[in-house]
Asker: 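Got a structure for you, questions after.
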Amino acid sequence: MNKIHVYIISFILIISNLYSNDRINNVKYEIQYEHDPMRPYLSSDKLALDTELKYAKCIRLQMGGYWDEIAKLYLIIANRGHPTAQVHLGKQYVHGNGVEENYIEAYKWFSLSETTIGKHFIKVISEDMSNEQIKQAKDLVKNFKPVYE
């Protein structure tokens, strides 16, 4: 049993070291895999791991209601194309949790997620949006450029 604990602790330390070094050194991630260009987080193991660690941190922070910090982390990983983070960030814009309430931004993130739940939320919020706001949101989606950092 002790060997298992040692291996787990070693693994956590290695992952933590990779994660903290990337944050300190502002590392550019090397592309390892072919991927959907709208989903850069799938381009390398290191970027995928960092994205999932940030996502897990957001889930933990939600339990305490740390909306400002959650919004910052979701923005990073939503810009990397993480669809679940995009939906969660969209919901934060709908409710004004950690960000200013903004249905245009919410629409953008729901649309970019390309998920069934994102499409559902678009229908719901579109009822409270003007045609001009919907057009602005669609322009944001069209001009969106994901990031690899």
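Sequence positions, counted from 1, serve as the residue numbers for this chain. Everything numeric here is computed off the predicted structure, so don't read it as measured data.
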Asker: Do I59 and L89 belong to the same hydrophobic cluster, where Ile, Leu, Val, Met, Phe, Trp and Tyr are linked whenever their side-chain heavy atoms lie under 4.5 Å apart, directly or via other members?
Answerer: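 Shared cluster, yes.
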
Asker: To the nearest 0.5 Å, what is the distance between OG1 (T51) and CZ (R39)?
Answerer: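 The distance works out to 12.0 Å.
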
Asker: Would you give the length of the straight line joining atom CD1 of I117 to atom CZ of F110, rounded to the nearest 0.5 angstrom?
Answerer: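 I117 atom CD1 to F110 atom CZ measures 8.5 Å (nearest 0.5 Å).
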
Asker: Would the number of heavy atoms belonging to other residues, nucleotides or ligands and lying under 6.0 Å from OH of Y66 be above 12?
Answerer: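 Atom OH in Y66 is not packed in, count stays at 12 or less.
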
Asker: Ignoring hydrogens and geometry, is there a side-chain-to-backbone donor-acceptor pair from D50 to K46 under 3.5 Å?
Answerer: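 Looks like no, no N/O pair under 3.5 Å.
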
Asker: Give a yes or no on whether L75 and M38 share a hydrophobic cluster (residues Ile, Leu, Val, Met, Phe, Trp, Tyr; joining criterion: side-chain heavy atoms under 4.5 Å apart).
Answerer: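 Yes, same cluster.
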
Asker: Is I134 close to Y107 at the side-chain level, that is, under 4.5 Å between some pair of heavy atoms?
Answerer: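 Yes, close enough: below the 4.5 Å cut-off.
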
Asker: Decide whether V87 and V94 are clustered together by the hydrophobic rule: side chain heavy atoms of Ile, Leu, Val, Met, Phe, Trp, Tyr closer than 4.5 Å, transitively.
Answerer: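 Same cluster: V87 reaches V94 through Ile, Leu, Val, Met, Phe, Trp or Tyr contacts under 4.5 Å.
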
Asker: S113 and T115: which non-hydrogen atoms are nearest, and at how many Å?
Answerer: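 For S113 and T115, the tightest heavy-atom pair comes out as OG-OG1, 2.9 Å.
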
Asker: Any chance you could measure Q92, atom CD, to I70, atom CD1, to the nearest 0.5 Å?
Answerer: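 Separation between the atoms: 6.0 Å.
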
Asker: First locate atom CG of L61, then atom CH2 of W67, and finally report the distance between them rounded to the nearest 0.5 Å.
Answerer: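 One gets 9.5 Å once the value is rounded to the nearest 0.5 Å.
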
Asker: Specify the closest pair of heavy atoms between Y41 and G81, including all atoms of both residues, with the distance to one decimal.
Answerer: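 The pair with the smallest heavy-atom distance is CE2-O, 3.4 Å.
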
Asker: Any side-chain to backbone donor/acceptor pair from S111 onto K108? Under 3.5 Å, distance only.
Answerer: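 No: the side chain of S111 does not pair with the backbone of K108.
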
Asker: Tell me whether L140 is reachable from I122 by hopping between hydrophobic residues (I, L, V, M, F, W, Y) whose side-chain heavy atoms are closer than 4.5 Å.
Answerer: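 Linked, I122 and L140 end up in one cluster.
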
Asker: Any idea which heavy atoms bring A85 and I77 closest together, and the distance?
Answerer: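 What the structure gives for the nearest pair is CB-CG1, 3.5 Å.
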
Asker: Do you know the tightest heavy-atom contact between G90 and A106?
Answerer: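 G90 and A106 have their closest heavy atoms at O-CB, 3.3 Å.
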
Asker: What I'd like to find out is whether the side chain of H120 reaches to under 4.5 Å of the side chain of V124, using heavy atoms alone.
Answerer: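 H120 reaches V124 side chain to side chain.
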
Asker: What I want to find out is whether E69 reaches K57 closely enough, with some N-O distance under 4.0 Å, to be called a salt bridge.
Answerer: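 Yes, E69 and K57 are salt-bridged.
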
Asker: Can you check whether F121 reaches S126 side chain to side chain, under 4.5 Å on heavy atoms?
Answerer: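 They are not in side-chain contact.
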
Asker: Supply the atom-to-atom distance H82 NE2 to C58 SG, rounded to the nearest 0.5 angstrom.
Answerer: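 If we round to the nearest 0.5 Å, H82:NE2 and C58:SG are 9.5 Å apart.
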
Asker: Can you check whether L49's main-chain N or O pairs, donor with acceptor, with E52's side chain at less than 3.5 Å?
Answerer: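 No.
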
Asker: Using the rule given for side-chain contact (heavy atoms from CB on, under 4.5 Å), can you reason through N131 versus K135, listing the C-alpha separation, both sets of side-chain angles and the distance that settles it, and then say yes or no?
Answerer: CA-CA 6 Å; N131 289 336; K135 182 187 175 316; over 6 Å; no

Asker: What distance separates H88 NE2 from L73 CG, expressed to the nearest 0.5 Å?
Answerer: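 CG of L73 is found 13.0 Å from NE2 of H88.
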
Asker: Please tabulate, one pair per line, all N/O donor-acceptor pairs under 3.5 Å involving side-chain atoms of residues 95-104, not counting sequence neighbours.
Answerer:
from, atom 1, to, atom 2, distance (Å)
N102, OD1, I104, N, 2.9
N102, OD1, E105, N, 3.0

Asker: Are I125 and W109 joined in one hydrophobic group, where the rule is that I, L, V, M, F, W and Y side chains link up if heavy atoms are under 4.5 Å apart?
Answerer: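 In one cluster: no.
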
Asker: Can a donor-acceptor pair be found, under 3.5 Å and without considering hydrogens, that links the side chain of R80 to the backbone of E149?
Answerer: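 Indeed, once roles are kept as given, a pair shorter than 3.5 Å links the two residues.
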
